K.L.:
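Let me give you the structure first, and then I'll get to my questions.
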Amino acid sequence: MEALLNPAQSDAVTHTVGPILILAGAGSGKTRVITYRIAELLRRGVKPWRILAVTFTNKAAQEMRHRITQLVGEEARDVWIGTFHATSARLLRQNAERVGLRRDFTIFDDGDQKTLVSRVLKDLDIADRFASPRAVLSAIDQAKNRGLSAEAYRGRDYFTDLVARVYPVYQERLRASNAVDFGDLLILALELARDGVARLADKFDHVLVDEFQDTNRVQYDLVARLASKWNNLCVVGDDDQSIYRWRGADLRNILDFERDYPGAKVVKLEQNYRSTQVILDAANAVIARNLHRKQKRLFTEQEGGEPILYYTADDERREAEFIVRAIRKLEIDDGRSFEDFAIFYRTHAQSRVLEEALRASDLPYTVVGGTRFYDRAEVKDVLAYLRVIANPADEVSLERIVNRPARGIGESTYEKIVERARREGRSVWEAMERVAQPDDGTLATGARKKLAAFVALMDELRAMAASPHASLAELAETMLERTGYLERLAAEGTRESEDRRENLMELTGSMRDFEEAMRRELGPDGESAISPLSAYLERVSLVAPADDAGRGVSMMTVHAAKGLEFPVVFVTGLEDGVFPSLRDGEDPDVLEEERRLAYVAITRARERLFLTNAERRHLYGQEARVFGESRFIQDIPEHLIARPVGGRRRPASGGLPASLQRPARAARPAYDDDAPPVVRSFAKPEVRRVERDEGISVEYDADAGGGYDEDADSGFRLGQRVRHPMFGEGEVRGVTGVGRDVKLTVYFPQIGPKTIVARFVEVL
DNA sequence: TCTGTAGGCGTTTTT
DNA sequence: CGCCTACAGA
């Protein structure tokens with residue numbers, strides 16, 4: 001089979017002993033290498049169940065299993081292939097008691113997490129506009145990404161002190177609910193792998209990790225631990241495609257792998273089988289400006305290629321219209337099908353105008369991503385019922401359903417029960433059972449009876465779930481009937497309630513499919529270690545429903561595009577401030593990630609690449625004329641780019657006074673590194689912009705047609721140090737507003753960027 | 001308990 | 001602009 005591989009690929013496949021780092025450039029045949037490598041291991045006699053392959057997404061895991069099956073057949077079934085989270089959950093179910101969980105533990109998604117944080121903030125009497133549940137949760141998540149436990153977490157300032165108070169209580173409630181969040185799955189699996197009793201380090205002879213550049217600290221430690229007996233650890237990744245730093249991915253994992261495993265084999269896959277040389281040259285030029293990366297350069301045998309087309313439109317509507325024209329033309333002239341095209345944008349908010357343009361022209365399209373099925377309220381309701389049935393301790397789900405549909409158990413009633421539970425050190429469900437007793441005086445008789453009816457209903461459903469014959473779908477249907485949920489929906493009689501009903505039908509349908517698949521897998525008298533209900537709930541927590549292959553033109557964020565490829569790609573919104581996003585000012589690490597994002601976008605294209613932007617763009621309903629040409633475009637050598645007929649010769653300037661404009665391309669070599677720092681702010685009332693030019697700060701009102709107004713100078717300079725009474729010292733990264741309303745975006749080391757009213761800071 | 005609305009706020013997203 | 005949340009009022 002080596003004949004089907006190039007020398008580097010072949011090296012990566014056959015070097016099976018010891019640690020190995022495979023740096024797989026975009027389009028270099030990474031999946032091929034991983035699957036061939038696993039086939040090679042099996043060929044050499046490694047038992048399939050002693051091979052573990054970990055991925056980030058279910059899609060990648062499925063794809064991998066599918067391709068290995070094609071190579072080796074049935075044996076592929078027994079290879080451990082799964083996402084980090086699913087693999088961790090599987091290991092935890094087998095050893096739940098060892099980490100303080102019961103086997104039927106619940107997995108909380110981010111919505112549940114947020115609800116729980118809100119609950120804890122409420123219980124701790126913390127009502128602080130700086131401590132939104134979102135912010136606190138994100139701090140807890142970040143801590144978990146680094147493996148920092150609630151006990152070990154230390155506050156350093158106002159905000160983190162507050163997190164230090166919330167985190168332990170959050171964690172305690174989570175455990176009392178017999179629940180884990182996504183971060184816990186990994187942390188507990190690591191704990192299990194470390195404690196030795198479960199002997200997880202002996203379980204696998206070979207461990208492979210895909211998308212290694214996206215791993216966080218805990219994930220790295222986990223796979224290192226699982227591979228620790230033989231150190232047959234194979235990590236595959238591309239530091240240039242690391243785009244999830246903001247959710248904990250630690251690029252150091254890939255950059256330091258060789259230090260952690262001295263003598264590790266390193267293979268670079270640099271031959272690209274996807275794109276033309278022109279496209280690769282552009283991608284290489286953009287990514288070359290990043291400092292923190294492993295040196296590599298993609299090449300291809302597909303010399304030349306069509307030039308990259310760059311179009312600057314007047315506004316985002318015209319940008320969309322240009323794309324529609326281009327698609328139409330290529331569809332007719334080159335006989336392309338709509339499925340050949342993909343449109344990428346930096347943020348979802350940009351998709352609407354594009355969608356409208358495509359719809360107006362009757363071009364078929366599919367938007368990838370967006371609202372998720374399991375996020376719909378009615379779906380969450382049903383799942384919450386099932387969770388409480390499977391795990392009565394789950395108080396987040398219990399709180400959700402206790403009065404849904406409304407049954408007269410309101411907030412005050414529920415709070416009394418919670419108070420009782422906390423006082424007696426029981427779960428909320430247990431307290432509920434007690435309070436529902438006739439001789440209990442906690443509630444007035446009316447409320448008590450309603451509660452008793454709810455408790456009885458849940459008991460009945462639980463008994464039904466325990467019966468070996470009842471199906472999941474029937475359980476859900478019974479619940480929908482007995483609670484009157486469907487009846488209420490029908491009574492609404494709106495278009496929306498009809499949609500909701502359909503979603504519920506789809507949900508019960510998916511339950512039937514799941515049970516069917518499970519029966520097939522286990523055989524006629526198969527016994528699973530875990531109940532069908534728990535198995536189903538685990539699946540919906542860990543596996544998003546597959547997005548449909550997509551008909552017509554594909555539209556998605558650049559993040560969603562990773563791992564995909566299309567013959568024709570449009571990268572839109574290439575304006576400084578939009579792409580790259582400059583929300584956090586010009587933090588170099590953030591900019592490097594934006595640059596990697598641009599690299600990912602460009603390398604998705606096989607044959608043709610279009611880059612577009614707009615001189616004016618509406619943002620949050622306001623017109624924002626503050627964007628100039630994306631610096632990433634300026635990084636692409638001029639000779640690779642052509643401008644379509646009707647395109648502008650001048651780059652988008654944002655109507656700035658000449659003195660403030662970025663120098664024209666010709667005036668500046670493409671690789672010049674001393675571009676002036678620019679910060680654009682996204683303030684609502686009037687979008688303003690601050691530039692620093694040789695240390696002199698100027699600010700002007702964008703709406704005044706670019707006039708430059710010294711009176712509006714706030715006196716704040718970018719990079720200036722300020723002190724805030726709550727957050728401590730930070731650095732000014734952006735200035736917006738005038739007079740009393742001047743607001744600053746200040747970056748505080750432990751907290752991150754905050755927007756604060758300038759009056760409250762002290763200039764240092 | 002439910003519904004309407006004002007106000008706030010706003011990347012990227014999988015598990 | 002549009003969504004989501006929080007809260008007021010019926």
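Every value quoted in this text rests on a predicted model; they were computed, and no experiment measured them. Numbered from 1 within each chain, the chains take letters A, B, ... in sequence-line order.
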K.L.:
Base, sugar-phosphate, or nothing for A:R90, non-hydrogen atoms under 4.0 angstrom?
P.N.:
nothing

K.L.:
Just to be sure I understand the rule, does A:H348 reach a base, reach only the sugar-phosphate, or reach nothing, if contact means heavy atoms closer than 4.0 Å?
P.N.:
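Sugar-phosphate contact only.
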
K.L.:
Roughly, in whole Å, what's the span from OH in A:Y244 to P in B:dT12?
P.N.:
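Whole-Å distance recorded here is 11 Å.
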
K.L.:
Can you see if the side chain of A:R488 gets near the phosphate of B:dC2 - specifically, an N or O under 4.0 Å from OP1 or OP2?
P.N.:
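So the side chain of A:R488 is within the cut-off, an N or O lying under 4.0 Å from OP1 or OP2 of B:dC2.
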
K.L.:
What integer distance in Å separates A:D210:CG from B:dT15:P?
P.N.:
13 Å

K.L.:
Measure from the side chain of A:D110, starting at C-beta and using heavy atoms only, and say which of B:dT15, B:dT13, B:dT11 lies closest.
P.N.:
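In terms of side-chain proximity for A:D110, the closest of B:dT15, B:dT13, B:dT11 is B:dT15.
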
K.L.:
When all nucleic acid strands are considered with a 4.0 Å heavy-atom cut-off, which category describes A:E411: base, sugar-phosphate, or nothing?
P.N.:
sugar-phosphate

K.L.:
How close or far is atom P of C:dT5 from atom CG of A:L121, stated in whole angstroms?
P.N.:
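After rounding, the gap between these two atoms is 15 Å.
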
K.L.:
Do any N or O atoms from the side chain of A:Q142 and from the backbone of A:A139 form a donor-acceptor pair under 3.5 angstrom?
P.N.:
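Absent.
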
K.L.:
Determine the interatomic distance between C1' on B:dT11 and the same-named atom on C:dA6; round to the nearest Å.
P.N.:
24 Å

K.L.:
Using whole Å, report how far NE2 of A:H85 lies from P of B:dT14.
P.N.:
12 Å

K.L.:
A:D214 has an atom CG; how far is it from atom P of B:dT12, in whole Å?
P.N.:
17 Å

K.L.:
Starting at atom CZ of A:F344, determine the distance to atom C1' of B:dT12, rounded to an integer number of angstrom.
P.N.:
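Taking atom C1' of B:dT12 as the reference, CZ of A:F344 is at 14 Å.
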
K.L.:
Checking side-chain polar atoms at under 3.5 Å, does A:T347 have a donor or acceptor matched by the opposite partner on A:Q350?
P.N.:
yes

K.L.:
Think A:N58 has a side-chain N or O under 4.0 angstrom from the OP1 or OP2 of B:dT14?
P.N.:
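Looking at the OP1 and OP2 atoms of B:dT14, neither is under 4.0 Å from any side-chain N or O of A:N58.
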
K.L.:
Report yes or no: is there a donor-acceptor pair, N or O only, under 3.5 Å between the side chain of A:R247 and the base of B:dT14?
P.N.:
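By the distance-only test, yes, there is a pair.
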
K.L.:
Please check if any side-chain donor atom of A:S534 sits under 3.5 Å from a side-chain acceptor atom of A:D104, or the reverse.
P.N.:
no

K.L.:
If only side-chain N and O atoms of A:T557 are considered, is one of them under 4.0 Å from the OP1 or OP2 phosphate oxygen of B:dT11?
P.N.:
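The answer is no; no side-chain N or O of A:T557 sits under 4.0 Å from OP1 or OP2.
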
K.L.:
Tell me if the CD atom of A:E498 is crowded by more than 12 foreign heavy atoms within 6.0 Å.
P.N.:
yes

K.L.:
Grab the CG-P distance between A:D109 and B:dT13 for me, whole Å please.
P.N.:
17 Å

K.L.:
Determine whether the aromatic ring of A:W246 stacks with the base of B:dT12, defined as ring centroids separated by less than 5.5 Å and ring planes inclined by less than 30°.
P.N.:
yes

K.L.:
Select base, sugar-phosphate, or nothing to describe what A:F182 touches, counting heavy atoms under 4.0 Å on all strands.
P.N.:
base

K.L.:
Round to a whole Å and report the spacing from CD of A:E355 to P of C:dG2.
P.N.:
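Rounding to the nearest Å, CD of A:E355 and P of C:dG2 are 13 Å apart.
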
K.L.:
Validate the cation-pi geometry between A:R119 and A:Y170: distance from NZ or CZ to the six-membered ring centre under 6.0 Å, angle to the ring axis within 45°.
P.N.:
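That pair does not qualify as a cation-pi contact.
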
K.L.:
Between B:dT11, B:dT1, C:dC1, which nucleotide has the shortest distance from any of its atoms to the side chain of A:T347?
P.N.:
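Taking heavy atoms from C-beta onward, the closest nucleotide is B:dT11.
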
K.L.:
Which nucleotide, B:dC2, B:dT11, C:dT5, lies nearest any side-chain atom of A:Y620?
P.N.:
B:dT11

K.L.:
Against A:D214, only a single residue in A:R247, A:R245, A:K562 fulfils salt bridge (charged side-chain N to carboxylate O under 4.0 Å, His left out); can you say which?
P.N.:
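Result for salt bridge (charged side-chain N to carboxylate O under 4.0 Å, His left out) with A:D214: A:K562.
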
K.L.:
Of the candidate nucleotides B:dT15, B:dT11, B:dC2, which contains the atom at the shortest distance from the side chain of A:N403?
P.N.:
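Minimum distance to the A:N403 side chain belongs to B:dC2.
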
K.L.:
In whole Å, what separates the P atom of C:dT5 from that of B:dT12?
P.N.:
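So the two P atoms sit 16 Å from each other.
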
K.L.:
With respect to the phosphate group of C:dC4, does any side-chain polar atom (N or O) of A:R134 fall under 4.0 Å of OP1 or OP2?
P.N.:
no

K.L.:
Under 4.0 angstrom, heavy atoms only, what part of the nucleic acid is A:Q113 near: base, sugar-phosphate, or nothing?
P.N.:
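If one applies the 4.0 Å heavy-atom cut-off, A:Q113 turns out to touch nothing in the nucleic acid.
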
K.L.:
Taking the nucleotide of DNA chain B with the closest heavy atom to each, which residue, A:V543 or A:T413, is nearer the 5' end?
P.N.:
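It is A:T413 whose nearest nucleotide is closer to the 5' end.
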
K.L.:
Quick one: which of B:dT1, B:dT15, B:dT12 gets closest to the side chain of A:L542?
P.N.:
B:dT15

K.L.:
Taking the nucleotide of DNA chain B with the closest heavy atom to each, which residue, A:I409 or A:H559, is nearer the 5' end?
P.N.:
A:I409

K.L.:
A cation-pi test, strictly: NZ or CZ of A:R596 under 6.0 Å from the centre of the six-membered ring of A:Y599 and no more than 45 degrees from its axis. Yes or no?
P.N.:
no

